[in-house]
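This is a predicted model, so every value here is computed, not measured. Proteins come first, then strands; the chains are lettered A, B, ... in the order of their sequence lines, and each starts at number 1.
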Amino acid sequence: MRSFAKPLLEILAGIPTIVYGLFALLTVGPLLLKLFGQGEDGVFGLNWMSGATSVLTAGVVMGIMLIPFVSSLSDDIINAVPQSLRDGSLGLGATKSETVRQVVLPAALPGIVGAILLAASRAIGETMIVVMGAGAIAKFSANPFESMTTITTRVVSQLTGDTDFASPETLVAFALGLSLFVLTLGLNVLALYIVRKYREQYD
Amino acid sequence: MTDLSSSPTQPAAPENSLLTLNKRTKARNAAERRFKAYGIAAISVGLIMLLVLVTTIVSRGTGAFQQTFVTLNVELLESKLDKSGQRNIEDIKKVTTFGYAPIVKSAMKETVNGLGLQTGLKSKELAGLLSKSAVAQLRAFVLANPEQIGKTVEFRFLAQSRVDGYLKGRVTRESIENDKNISPEQLDLVDALVAAGVIEKSFNLDFILGSDASDQRPEAAGMGVSMMGSLFMMLVVLALALPIGVAASIYLEEFAPKNWMTDVIEVNIANLAAVPSIVYGILGLAVFINYRHLPMSAPLVGGLVLTLMTLPTIIISTRASLKAVPPSIRDAALGVGASKMQSVFHHVLPLAAPGNLTGTIIGLAQALGETAPLLLIGMVGFIASNAPETLSEGLLSPNSAMPAQIYEWAKRADPAFYERAWGGIIILLLFLVTMNTVAVILRRRFERRW
Amino acid sequence: MNTMNMMDKALNTTTTKIAARNVNVYYGDSHAIKDVNVEIDANTVTAFIGPSGCGKSTFLRWINRMNDTIDICRVTGDILLDGEDIYDKRVDPVQLRAQAGLVFQKPNPFPKSIYDNVSYGPRIHGLARNKAEMNEIVEKSLRRAAIWDEVKDRLDAPGTGLSGGQQQRLCIARAIATEPEVLLMDEPCSALDPIATAQVEELIDELRASFSVVIVTHSMQQAARVSQKTAFFHLGNLVEFGPTGQIFTNPEDPRTESYITGRIG
Ligand SMILES: Nc1ncnc2c1ncn2[C@@H]1O[C@H](COP(=O)(O)OP(=O)(O)OP(=O)(O)O)[C@@H](O)[C@H]1O
Ligand SMILES: [Mg+2]
């Protein structure tokens, strides 16, 4: 089972984001619009959504994208918990689920937190899904059904096409890129630090 | 046995028997089952999503590999194509595609009349069933075979995308109410022509080998040229990332002193692997295009950017495989008098090669599917119509790449392009899954336990 | 109950706690235990001795079904605990393991506090009704494992931070906290100094009053000191099994004799 599922997970984690982007644009977005949209389109007549692109669309698809990433990483970490700990728990008469919940997971927790941080940094830097799924309207709203923009979308819209390197738009895009870099770098350093520190425990 | 073993200190009270589960164990087993159920539920959700994804891609994308063709007998009228009758190629070239339009129209009319079909359509509307590329196809044929002028030749023209969509079920009579590209009468005729075998669907090699087409001709768009673009980028990545990556890992792993400097480098490499790809795109735009003035949209620039992106991946995996070679091998080589370099190149590197290869393939696969940085260096938004012929042309002339081409199609307004985009995804995924599978198999096969 | 125990001993009537019949254990193709028959008495300490790799740990793991967790492991034969076949389909290994505690060869404290390590077993088996009872169990177990004085001030410190020998005693405390009927100890003194060893041996002798104890050891002296019965394993075979005194002074099998006198092993 493992020997089959693990490579599958890795291959899934290697699916390029353009695939998910297309999925967001052409499948999930229209589907959500059908569910929560207005007028004849809305199945529930909720009228919450005005267009197929929305934060929710991008979020849902990104969540799907990160499943194999997080599970593959967490699997590595859980696997690194020594068998002797599991044996110790089982030998005392714990059931498997008790062992997992009370011994393995707490032992792997820091690593899993690190994995989730890495996933968060990927989500922040993710471009294709938001460009294709979230729309490009620069506004600040708490409603996930509206379309909004992200750093990456702004960068893409400012820098595609003919670029004039002296124009303020371009400079803004570079500044955005720099902030993105710093932000994700910070997250990554933190995540890798946690993962590493935890690994040393058992080496 | 039971009587014998019931020791006086431990009367075999029923609740103590192993054969009956006590209450607490039952409760705990129930909790166990619940926990398992959660796990299975999570896996099922994941699998269902995977299934949805795969079925969406397959069901929406396979259409792109089929295309609707119209078979016509076209009389290549000398009076229209070569007025002088000299078969002088320069004269023939003077006739533009406009000059071919009447020929196509009349061929269409002939066919309809020949089948005895009644239609109120004008000849312009008749020819409208064909792709706009039909005239160009005809002209290219005539220019290549001027001796055929005056004869009647059988041609397979692409049908226009609405007709194609109608045959594939994408276009329906309801959906075209406000569509000026096609009318219900034309669809009636299509039905009749399908029945007569003039219009038919068949395998579309051009989608795999052909080039992209303009907004008006989704039926003619193909992946081939952007595939070439991707190929040239991969060449650049391979040529740069592999040697640099291997050299860097060998130095860091075998020669570099272990001090804070190398520590910082190591942490940095790990971090770079997780930096968003778009940042590399910005970097490439600023450095290669703005500063070094390399041509925009060129696979060379794309390759350079992707090299930067792949290097950390390759370095990390190569270092891991070098680390996995036990020190005893190095000691053994050094012990028989090999130099440090000889021990590395003769003994350590060959043992680490499979791991290195796996990392390289995975890195290449990543690079192949990457879109975001390519948007910034201009590898979308135009149509590269000809496949490059030489290496330098392949590297320097503007081109697209597979994922960028898919993005481009996804952005266009005509839904006919969406089918192309899904089809492109199928091709891209075939490449990626093959590469990743090879990597997994390689790792399995050469996985060594020392 | 204690008085009955005393009487038992006085009368020298022992009862069989564990009976193994025609036990075979395979790891894949390798035959780790070959057709072993052995009867382990209640309220006695039984020592397993034998050269490294002869299958002592495997046998212990077999008694509390820890081998279930190893995929390639296959077992045949019967093993009866209080006359009940522990490999019977109706037996839940979880319930069995609560009755037959195992102290592993390598100390494996959980990455939790010392307190949580010891209270883990009682908690999952519901042995304490309240916090006070739990505290009592933890203290009692740590005292019996001769580690209380060293850790009483830092019960919240992680168990993994202890020294090797301390970890080993912590694992003993963890195992006895669940009050098993059978205590299986795999080289419990391998990392202990002579003082701690003496304390653990004292504990073993004390435990004998209520449990039956099986101990694997590489120290002949220890086996001679603490056990009443000794089993000598060699290459997966049970070569000789009998009262400790007899094995050490008057072994029947030449292999036993040469091992005890230090010529093989
Ligand atoms: N998980 C396992 N998988 C495969 N073989 C195993 C496994 N565990 C033990 N063995 C094999 O079974 C045999 C008996 O091992 P066991 O651990 O019982 O020895 P031991 O008597 O406890 O030795 P030691 O005194 O060194 O602890 C050995 O040959 C060992 O290689
Ligand atoms: Mg052992």
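To the nearest 0.5 angstrom, A/Leu192 atom CG is 5.0 Å from B/Asn271 atom CG. The CG atom of A/Leu12 sits 13.0 Å away from atom CE of B/Met49, with the distance rounded to the nearest 0.5 Å. Between the CD atom in A/Gln158 and the CD1 atom in B/Ile282 there is a gap of 10.5 Å [rounded to 0.5 Å]. In this structure, B/Leu272 CG and A/Phe181 CZ are separated by 6.5 Å, a value rounded to the nearest 0.5 Å. Note that OH of B/Tyr407 is 8.0 Å distant from CD1 of A/Ile18, once rounded to the nearest 0.5 Å. Taking CD1 of A/Ile64 as the start and CG of B/Leu53 as the end, the distance is 7.5 Å to the nearest 0.5 Å.
For chain A, the nearby parts of B/Thr437 are the backbone and the side chain; heavy atoms of each come within less than 4.5 Å. Contacts of B/Ala365 with chain A are absent, with no heavy-atom separation under 4.5 Å from either backbone or side chain. B/Thr56 touches chain A through its side chain: at least one heavy atom from C-beta onward sits under 4.5 Å away, while N, CA, C and O do not. Looking at B/Arg60, the atoms closer than 4.5 Å to chain A (heavy atoms on both sides) all sit in the side chain, from C-beta outward. Looking at B/Leu283, neither its backbone nor its side chain comes within 4.5 Å of chain A, counting heavy atoms on both sides. Residue B/Ala286 touches chain A through both its backbone and its side chain, counting heavy-atom pairs closer than 4.5 Å. Contacts between A/Leu26 and chain B at a heavy-atom distance below 4.5 Å involve backbone atoms as well as side-chain atoms. At a 4.5 Å heavy-atom cutoff, B/Trp409 makes no contact with chain A through either its backbone or its side chain.
Using a 4.5 Å heavy-atom cutoff, the side chains of B/Arg443 and A/Pro7 are not in contact. When side chains are defined from C-beta on, A/Leu180 counts as touching B/Pro276, because their heavy atoms get closer than 4.5 Å.
Between B/Arg28 and A/Glu98, at least one side-chain N (NZ, or NE/NH1/NH2) sits under 4.0 Å from a carboxylate O, which counts as a salt bridge. A salt bridge does not link A/Arg101 with B/Glu32: none of the charged nitrogens is closer than 4.0 Å to a carboxylate oxygen.
Heavy-atom neighbours of A/Lys96 NZ from other residues, nucleotides or ligands within 6.0 Å: at or below the threshold of 12. Within a 6.0 Å sphere centred on CZ of B/Phe35, heavy atoms belonging to other residues, nucleotides or ligands number more than 12. Shown here is B/Lys23, whose NZ atom has no more than 12 heavy atoms of other residues, nucleotides or ligands within 6.0 Å.
Contact tally against chain B (heavy-atom pairs below 4.5 Å) for A/Leu25, A/Ile67, A/Thr27: the top residue is A/Thr27. Put simply, of B/Asn290, B/Ile57, B/Ile278, B/Thr371, the one with the most heavy-atom pairs under 4.5 Å next to chain A is B/Asn290. When each of B/Asn268, B/Leu428, B/Val275 is checked for heavy-atom pairs under 4.5 Å with chain A, B/Val275 comes out on top.
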Using a 3.5 Å cut-off and no angle test, enumerate the donor-acceptor pairs between side-chain atoms of residues 77-84 of chain A and protein atoms at least two apart in sequence or in another chain.
| from | atom 1 | to | atom 2 | distance (Å) |
| --- | --- | --- | --- | --- |
| A/Gln83 | OE1 | A/Arg86 | NH1 | 3.3 |
| A/Gln83 | NE2 | A/Asp87 | OD1 | 3.2 |

Side chains of residues 103-130 of chain A: which donor-acceptor pairs under 3.5 Å do they make with residues two or more places apart or in other chains?
| from | atom 1 | to | atom 2 | distance (Å) |
| --- | --- | --- | --- | --- |
| A/Ser121 | OG | A/Asn188 | OD1 | 2.7 |
| A/Glu126 | OE2 | A/Met128 | N | 3.0 |
| A/Glu126 | OE2 | A/Ile129 | N | 3.3 |
| A/Thr127 | OG1 | A/Gly125 | O | 3.3 |

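Contact between B/Leu429 and A/Ile15 at its shortest, heavy atoms only, is CD2-CG2, 4.2 Å. Residue B/Gly369 comes nearest to A/Pro16 through the heavy atom pair O-CB, 3.2 Å, listed as atom of the first residue, atom of the second, then distance. Listed here is the closest heavy atom pair of B/Leu432 and A/Gly14: CD1-O, 4.3 Å.
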